[in-house]
*Asks:* 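Before I ask anything, here is the structure I am working with.
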Amino acid sequence: SFSMAIMAGVVKLIGRLSIDEMKKGALFAAAFLVFLKILVKITGGYQSRIKRLGSLLLKISIAMGLMAGVVKLIGY
């Protein structure tokens, strides 16, 4: 039920997006897929290194969150 509430919230937010914002989102999603494919090639394949890839993505997301926090503290 919690996941359904999240889904309903996401659908409500998507309904507020303009066409240009949707295009930007689609472009980001495509770029992110290319990024993931590059990471898979770097780490050596799908099955043998999937845990390593997941760990790498978590570390990247933590680093990005920390960077966003620092930028917010600086005031940009």
Side-chain angles (χ1 to χ4, degrees):
S1 68
F2 182 68
S3 61
M4 291 296 286
I6 291 173
M7 177 98 71
V10 169
V11 169
K12 191 173 183 179
L13 287 173
I14 290 173
R16 296 180 183 172
L17 294 176
S18 69
I19 297 296
D20 287 335
E21 290 172 328
M22 288 184 195
K23 288 178 183 177
K24 287 179 187 176
L27 182 64
F28 172 79
F32 189 70
L33 284 175
V34 170
F35 174 71
L36 283 179
K37 286 183 180 184
I38 291 169
L39 283 179
V40 167
K41 285 191 178 224
I42 289 171
T43 57
Y46 288 101
Q47 294 180 5
S48 63
R49 313 252 188 214
I50 199 72
K51 286 185 180 182
R52 203 168 152 205
L53 180 61
S55 173
L56 180 63
L57 288 174
L58 284 174
K59 290 174 185 173
I60 289 172
S61 65
I62 290 169
M64 288 176 69
L66 289 173
M67 261 190 341
V70 169
V71 169
K72 189 170 183 176
L73 284 174
I74 292 172
Y76 282 106

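The shown structure was predicted, so the numbers you read here are calculated from the model rather than taken from an experiment. Values below: all heavy atoms of this structure, side chains included; hydrogens, waters and symmetry mates excluded.
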*Asks:* Parallel, tilted or perpendicular for Phe32 and Phe35, by the 30°/60° rule?
*Replies:* tilted

*Asks:* What is the minimum heavy-atom distance between Arg16 and Glu21, and which atoms define it?
*Replies:* O-OE1, 4.2 Å

*Asks:* Do Met22 and Val11 share a hydrophobic cluster (ILVMFWY, side-chain heavy atoms under 4.5 Å, transitive)?
*Replies:* no

*Asks:* For Val10, which residues count as a side-chain contact (heavy atoms from CB on, under 4.5 Å) partner, sequence neighbours excluded?
*Replies:* Ile6, Ile14

